[in-house]
Amino acid sequence: MLSRDVADDAELELGLGLSIGGRTKHGSSREYGRILTAQDFPSLVSKAIINSNNVASVSGTKRAAAEPASQEGGGDDSPTSASQIVGWPPIRSYRMNSLSNQAKAPHSMEGKRTVSKKDELNHTPEGNRLYDRKTSGAVKEAQNLGFVKVSVDGIPIGRKVDLNAHTSYETLAHALVNMFFRSMNPIGDGEKELVNRPSKLLDGLSAFVLTYEDKEGDWMLVGDVPWGMFLSSVKRLRIMRTSEAGGLAMRSQEINWNQMERRNPI
Amino acid sequence: MAFPFPDEVLEHVFSFLHSDRDRNAVSLVCKSWYEIDRWSRRRVFVGNCYAVSPRAVLRRFPEVRSIEIKGKPHFADFDLVPEGWGGYFFPWTASMAVSYPWLEEIRLKRMVVTDACLELIAKSFKNFKVLVLSSCEGFSTDGLAAIAANCRNLRELDLRESEVEDSSGHWLSHFPDTYTSLESLNISCLLSEVSFSALERLVGRCPRLRSLRLNRGVPLDRIASLLRRTPQLVELGTGAYSADLTPDVFSSLSGAFSGLKELRSLSGFWDVVPAYLPAVYSVCSGITTLNLSYATIQSTDLIKLVCECHNLQKLWVLDYIEDSGLEAVAASCKELRELRVFPSGPFEAEPNVALTEQGLVSVSEGCPKLESVLYFCRRMSNAALCTIACNRPNFTRFRLCIIEPRKPDYLTLQPLDVGFGAIVKHCKGLRRLSLSGLLTDRVFELIGTHAKKLEMLSIAFAGESDLGLHHVLSGCESLRKLEIRDCPFGDKALIANAEKLETMRSLWMSSCSVSFGACRLLGQRMPRLNVEVIDESGERPETRPESCPVEKLYVYRSVAGPRLDMPDYVWSMENESSVPI
């Protein structure tokens, strides 16, 4: 019977007291545990609001704009990361996917958003932007956007990334490098290189390369097709060691040289 | 002394007992009652798949026809449980395939179900009737094809909110032409399109179909033809509720809806074009359940629709409904029992809609039968909570999420202890409570004192010290599930209330102040508790000093001992030297 004796400490004092452990600030030692944060979600707030946010209140409501997610120094205590709380508010990802898919106008091929969320929430009686969208196309595209799983060779735990939060391969690469390669546990060579230049994930010349599985089940190198086309066919992502990517990587290098002039990164 | 009644009579008497609790009580009376119950138990509920081994269940209850099992902890819904944690259904399928050839129903929640499981189900249970996979994952449409092709007596296929890998839209065509027994189909979670013609044919040949929840890909302009084949529908989930606006489509849709005389539940409504909403007005007076939580339409359109539904009992809606809409609901929907208001812009820094605490106050005033609430908002006051509590002492479920953590009463800047205290004081039947906002240990004292019927409590960013946790664990007599994140609760309360944990199903604590030492102590002292630490740092448990805080802790009672399928990052805090049997 476990009675009042707590072997390690004095008897339980039922007054106010500090708890053992000393973790008082939420958000510390968070980096490697991060799966989904507010940062991964589509930006719904203009940059002006972001910049004027005060840091003092600890809040999950502050949003990062959809720009490269890299934080210099990779520290846990930078203001933006402190305000991004995993799993808060407690809403399931399918619900958030659904919301974010409907709020935006359909993507153009370049991936630009043509209607801002603020416009759509105009409360004038006739103001409902969703009224005249080309809906069937939007539905088709919308179905493929949202969270996709990402796995990395050498890291046992997968993550999910919200493709809605990105408008180009660059920002996606940044986000993924932050997510996986800034942690405490090094998984091998080539990481430093990626941390310094995340876009190296895309060129097939560094130790790791980003690949995706498309709707037909084939694994392709990320970056070969226009962003919009990529969005509509990607099912999940995998960061492979270039050594194991084999034919995949070499083919892409060929294509890279050929498409260098033609390719528009944004 | 021989018992005067033959077993068959007792068995018949027991068949009138429907709750597991009653049947469990009956089985404790004497050995012969235990045996009779054991052989006649047809339905088993396993609240935590790791609390008992499949073998033990099958051994005790050999004649089960229906099984319900839950896997991952609730916070897995919010991505707090890493992938690969567990909750695998396969061990259960494999055992049941051998021991329960007459199994008819499987209901799972938050479990990992593979195509291999589905194929085994399809092959092994000749009389299989009901498959409900709620928030499950790990399977694809190939597995569904196997079910469709082989389960001749299937009545219900419900995939609510599961994550399904879409290999092809053609799994529906695997239902043979001779198959006509479908009564309920929920494919709302499927991302890719299903073959519409296969759907139409299926629906057309199943006369008992009463529940049909489509996925987003089913276009609105074709739904009318489906609905005309199913006039007996009781529950309908539309696909995307949008199409190019034409009078033909509208009148066709209207006409189809007006033929659904039995319709009681409506859901779906993705991508809503408001001009099409009046097409459903003809059925509104019969509607008791309305799920508009995907409908991104404005307050005025929402109000028009909802106020047609005078018999509404359950309403799920986005906060676009605003305070004014909830006021209208309070005036029109006097039968309302459950309300859920979801946030449309959860990550906005500023409120994007005019929804405040006032909306909740209005419905608590106007809806006398309201007993279950899930409400996301951006501000709250003690005064409002007190008003709500006084208006509605009949709450059984009260879940309030103030979006910004630790936000105080917006009027007085005080903690919300008094407000939530009022809820637990007045609502004596409260079974489920979720807290938010700025809260001190005081609120937990009030909860421990008053919430005697509370079974599930969710706490986030609250409290000041171990005292808070101690109040809850020592005071809440009916507590079964406790989930806590980001609170300064630590070792003392946990160790002092270790026995309490054996009376509960489970405890989850993440980003709190519990040390490794305390977890090890708990694990060693309480052999019937599984104490699992989740640590994603990649280090080994041996390297962890005693005082180091754990990231995540999951404690649950079990008669099965430590589980054998833990991934690298889940550490069992049993006695290090013990070997699992």
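Below, each value reflects all heavy atoms present in this structure, side chains not excepted, and no hydrogens, waters or symmetry copies. Below, read A as the first sequence line, B as the second, and so on, with proteins coming before strands; counting in each chain starts at 1.
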Q. Between B/Asp166 and A/Lys235, which heavy-atom pair has the shortest distance, and what is it?
A. O-NZ, 4.1 Å
Q) Where is the tightest heavy-atom contact between A/Gly87 and B/Arg485, given as atom of each residue plus distance? A) O-NH1, 3.2 Å
Q: Search all heavy atoms of B/Ile402 against all heavy atoms of A/Trp88 and return the closest pair with its distance.
A: O-CZ2, 3.9 Å
Q. Using 4.0 Å as the upper bound for N to carboxylate O, is an ion pair formed by A/Lys149 and B/Glu163?
A. yes
Q) Atom CG in B/Leu318, atom CZ in A/Arg95: separation rounded to 0.5 Å? A) 7.5 Å
Q | Heavy-atom side-chain contact between B/Glu83 and A/Ser151 under 4.5 Å | A | no
Q: Against chain A, label B/Ser293 side chain, backbone, both or neither, depending on which of its atoms sit under 4.5 Å from a heavy atom there.
A: both
Q) Between CE of A/Met96 and CZ of B/Phe342, what distance do you get to the nearest 0.5 Å? A) 12.0 Å
Q. Side-chain contact, heavy-atom cut-off 4.5 Å: A/Pro89 with B/Phe376?
A. yes
Q. If we only count heavy atoms from C-beta on, is the A/Pro90 to B/Phe75 side-chain gap below 4.5 Å?
A. no
Q | Closest non-hydrogen atom pair, A/Val86 against B/Leu80 | A | CG1-CD2, 4.0 Å
Q: Considering non-hydrogen atoms only, spot the tightest contact between A/Arg92 and B/Ser135 and give its length.
A: NH1-OG, 2.9 Å
Q | Portion of B/Glu165 that has a non-hydrogen atom of chain A nearer than 4.5 angstrom | A | side chain
Q) CD1/A/Ile91 to CZ/B/Phe347 distance, rounded to the nearest 0.5 angstrom? A) 6.0 Å
(Q) Only pairs of heavy atoms separated by less than 4.5 Å count here; which of B/Pro343, B/Gly84, B/Pro219, B/Ser299 has the most with chain A? (A) B/Pro343
